[in-house]
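These notes concern the structure reproduced below.
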2 protein chains.
Amino acid sequence: MSHTIYDIARKAGVSIATVSRVFNESSKVSAATRKKVLHIANKVGYQPQGYARGLASRQSNVIIAVVPLLSNYFFLQVLNGIQGVISETDFELHIYNVKPEENPLKQLKRLLGRRWADGYLFVSVHLDEDDWAEVARLNQRMVLIDDAYSGCDYFQINNKKGARKATKFFLDRGFEHIGMITAAKRSIPAGKRCKGFLEIQREYGLTPDDSLVVRGSTAYRDGFNERNGYEAMHQLLALDSPPEAVVCVSDIQAIGALSAMKEQGIRIPIIGYDDIQLSEYIGLSTMRQPMYKMGREGARLLLDSLSERPSELVQENYTPELILRSTTNGIEQ
Amino acid sequence: MSHTIYDIARKAGVSIATVSRVFNESSKVSAATRKKVLHIANKVGYQPQGYARGLASRQSNVIIAVVPLLSNYFFLQVLNGIQGVISETDFELHIYNVKPEENPLKQLKRLLGRRWADGYLFVSVHLDEDDWAEVARLNQRMVLIDDAYSGCDYFQINNKKGARKATKFFLDRGFEHIGMITAAKRSIPAGKRCKGFLEIQREYGLTPDDSLVVRGSTAYRDGFNERNGYEAMHQLLALDSPPEAVVCVSDIQAIGALSAMKEQGIRIPIIGYDDIQLSEYIGLSTMRQPMYKMGREGARLLLDSLSERPSELVQENYTPELILRSTTNGIEQ
DNA sequence: TTGATATCTGTAAGCGCTTTCATTATTATC
DNA sequence: GATAATAATGAAAGCGCTTACAGATATCAA
């Protein structure tokens with residue numbers, strides 16, 4: 001059914017080497033020959049087969065972005081940044097999901113071992129140093145976004161600092177009884193944000209109350225979902241002494257929390273986390289993370305390191321920025 | 001650096017055919033040999049190379065989901081459905097973005113021509129019959145989700161009917177001056193929804209007012225974005241006679257519209273479109289589309305047709321369901 | 001024991017390309 | 001016009017696997 005390089009060569013009266021050269025933009029083919037080959041190829045709809053090409057040339061021109069369970073708004077932003085950069089090149093972007101049910105290290109090793117791609121971008125994939133080291137040993141070009149490993153390029157955001165900033169905003173305005181809506185225990189970023197939340201309170205001489213740190217029961221997306229925020233907020237409001245303000249580990253949960261408050265006709269200042277695009281329209285105060293930017297820079301770095309000899313490691317740390325909107329209005333400055 | 005099947009065969013003292021058999025779960029290898037080979041492979045971290053495998057076996061065990069610009073909440077839901085099904089199998093899901101700047105037909109032909117995947121799921125990729133026919137001629141297994149082509153399996157949602165339903169809700173309650181927030185002109189689904197909106201009004205003996213059909217100026221995501229809804233709503237409110245109710249081609253735009261109303265302290269009943277997860281928490285009335293379901297069914301169908309001989313074509317049409325929430329509250333029943 | 005059958009393993013021929021190297025055709029240089 | 005340099009092409013050897021096919025070994029009934 002489908003044609004091979006041999007068919008094209010035969011029909012064009014040239015050797016397969018020449019056909020190959022035409023498709024590889026090698027300059028070493030005369031304009032006349034190129035035209036002839038291209039004409040025939042177009043007519044029969046020939047295109048070099050990806051697998052054969054990959055095998056013979058040992059490169060694929062594909063970049064794989066590895067993300068955990070798609071459907072997180074955070075990834076979307078990052079992916080958009082990546083996409084923007086990649087689409088300006090000849091590379092192709094494929095997106096690969098690591099499944100939450102299976103050991104991630106195992107999945108990564110399986111993926112990289114297969115050698116589909118010329119380079120990999122890991123977005124929000126969280127492993128510890130040892131595990132990353134094991135992945136790095138597979139010797140593929142990679143850069144991490146939203147995680148760090150000392151032996152590799154990365155772009156990271158400081159989760160602890162972000163949560164500290166949000167909490168500090170309330171502390172500086174005299175609040176001493178602050179709630180936190182966090183996510184699943186296994187979530188590393190949620191853990192760090194929680195830590196920052198507690199840490200700064202202690203620095204202010206307060207003893208954080210455990211009952212004010214809550215998480216909903218839903219495991220979907222590691223607890224980063226609306227329902228979770230909704231449940232958690234109800235839980236907080238049911239407390240003997242409900243919080244005077246709330247810090248949340250994601251915007252999406254904050255939206256659920258807002259809905260819970262509305263239901264009970266209560267309004268407590270709240271700060272989310274991420275600054276997803278919606279938040280502006282909801283009026284949600286939040287910690288902005290440079291998602292798009294990290295995507296762009298990560299992709300750019302990866303692409304560069306594919307062509308040039310990589311020089312030294314690029315390891316950047318960002319701190320989220322506090323964006324104030326209406327959910328924190330009316331608090332005395 | 002990396003090992004080939006020859007290295008493993010040599011170290012295990014067997015032929016490469018045997019190593020290959022071990023990795024292909026062929027039963028024709030004794031338990032002892034299998035164990036020996038696996039042990040060595042694990043020790044050195046060997047894994048068959050994807051390209052060589054694909055070339056030799058003419059199959060890849062990858063499914064590619066093709067979506068337009070990622071970052072649309074609609075796709076996310078569909079992808080989740082797809083992902084759920086695929087992850088129960090040995091197949092791998094890759095996601096491929098068609099770029100809005102380039103001719104989609106060309107991109108699809110390029111993608112399929114390369115023959116990366118065993119099967120393709122097209123999600124919300126809109127081509128006309130002739131173009132689909134041209135894609136189909138590439139002879140790859142494919143199923144369409146959220147578009148239709150007579151020569152191929154598909155799962156489609158009737159956009160016109162959806163918009164008719166939403167509009168009818170208002171018409172039946174005596175509204176005669178209804179606004180529509182639509183998206184970019186080039187968007188096919190938005191066009192159909194718009195058509196349904198106008199059509200039913202005429203059936204009710206009304207003459208729809210052109211000035212009540214608006215779109216924001218932002219081209220991002222074909223106009224399916226918050227800003228667009230926000231701008232459009234302001235435009236509607238600035239009219240000499242603003243609408244008494246609004247139908248919107250997406251939830252995300254409705255959220256922008258809500259924000260615009262809030263700014264002006266006005267509250268007009270509004271119905272969105274999609275029923276993204278958020279909408280429940282925002283209290284947005286909307287047209288629910290079976291996104292997750294279509295993803296699941298589409299993936300299942302594709303997978304089935306890869307193993308069994310495909311019987312007859314599966315072509316399903318869904319109609320969105322009207323979900324009433326607080327943005328349509330207070331309307332006399 | 002013997003042939004028939006079933007089970008396991010190896011040999012070797014591809015899969016459809018890229019790429020080195022050698023060869024031939026063309027052009028430039030004096 | 002002879003020689004050197006350059007440009008365009010082809011022959012052929014892989015790339016790292018899969019998979020007929022054939023061969024070897026083990027198992028079993030008679």
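Quick note on labels: first sequence line is chain A, next is B, and so on, each numbered from 1.
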Using OP1 and OP2 only, check whether a side-chain N or O of B:Ser30 sits under 4.0 Å from C:dT9. yes
Contacts under 3.5 Å, N or O only, protein and nucleotides 19-27 of chain C:
| unit_1 | atom_1 | unit_2 | atom_2 | d |
| --- | --- | --- | --- | --- |
| C:dT20 | O4 | A:Arg21 | NH2 | 3.3 |

Could you pick out which residue, B:Ala52 or B:Lys28, lies toward the 5' side of DNA chain D when each is mapped onto its nearest nucleotide? B:Ala52
Report yes or no: does B:Asn24 contribute a side-chain atom to a donor-acceptor pair with the main-chain N or O of B:Arg21 at less than 3.5 Å? no
Between the main-chain N or O of A:Ala219 and the side-chain N or O of A:Arg221, is there a donor-acceptor pair closer than 3.5 Å? no
Have a look at A:Tyr6 and say if it touches a base, only the backbone sugar-phosphate, or nothing, with a 4.0 Å heavy-atom cut-off. base
Outer limits of DNA chain D sitting under 4.0 Å from a non-hydrogen atom of chain A, read 5' to 3', are D:dA8 to D:dG16
Residue pairs passing the side chain to side chain donor-acceptor pair (under 3.5 Å) test with at least one member in residues 87-96 of chain A, sequence neighbours excluded, are A:Glu92-A:His94, A:Glu92-B:Arg114, A:Glu92-B:Trp116, A:His94-B:His94
Taking ring-ring contact (aromatic ring centres under 6.0 Å, His included) as the test, write out the residues that go with A:Phe74, two or more places apart. none
What's B:Val14 touching, base or sugar-phosphate or nothing? Going by heavy atoms closer than 4.0 Å. sugar-phosphate
Can you give me every donor-acceptor pair (side chain of residues 119-126 of chain B, partner residue at least two apart or in another chain, under 3.5 Å) with its distance?
| unit_1 | atom_1 | unit_2 | atom_2 | d |
| --- | --- | --- | --- | --- |
| B:Tyr120 | OH | B:Ala117 | N | 3.3 |
| B:Ser124 | OG | B:Asp146 | OD2 | 2.8 |
| B:His126 | ND1 | B:Asp147 | OD1 | 3.2 |

Using the test ring-ring contact (aromatic ring centres under 6.0 Å, His included), find all partners of A:Phe91 that sit at least two apart in sequence or belong to another chain. none
Any sub-3.5 Å donor-acceptor pair from B:Gln107's side-chain atoms to B:Lys99's backbone N or O? yes
Heavy atoms under 4.0 Å, any strand shown: does A:Phe23 hit a base, just sugar-phosphate, or nothing? nothing
Whole angstrom is fine here: how far is it from CZ in B:Arg53 over to P in C:dG14? 22 Å
Whole-Å gap separating C1' (C:dC17) and CG (A:Asn61): 15 Å
Could you check whether any side-chain N or O of A:Gln49 sits under 3.5 Å from a backbone N or O of B:Gly113, counting only pairs where one atom can act as donor and the other as acceptor? no
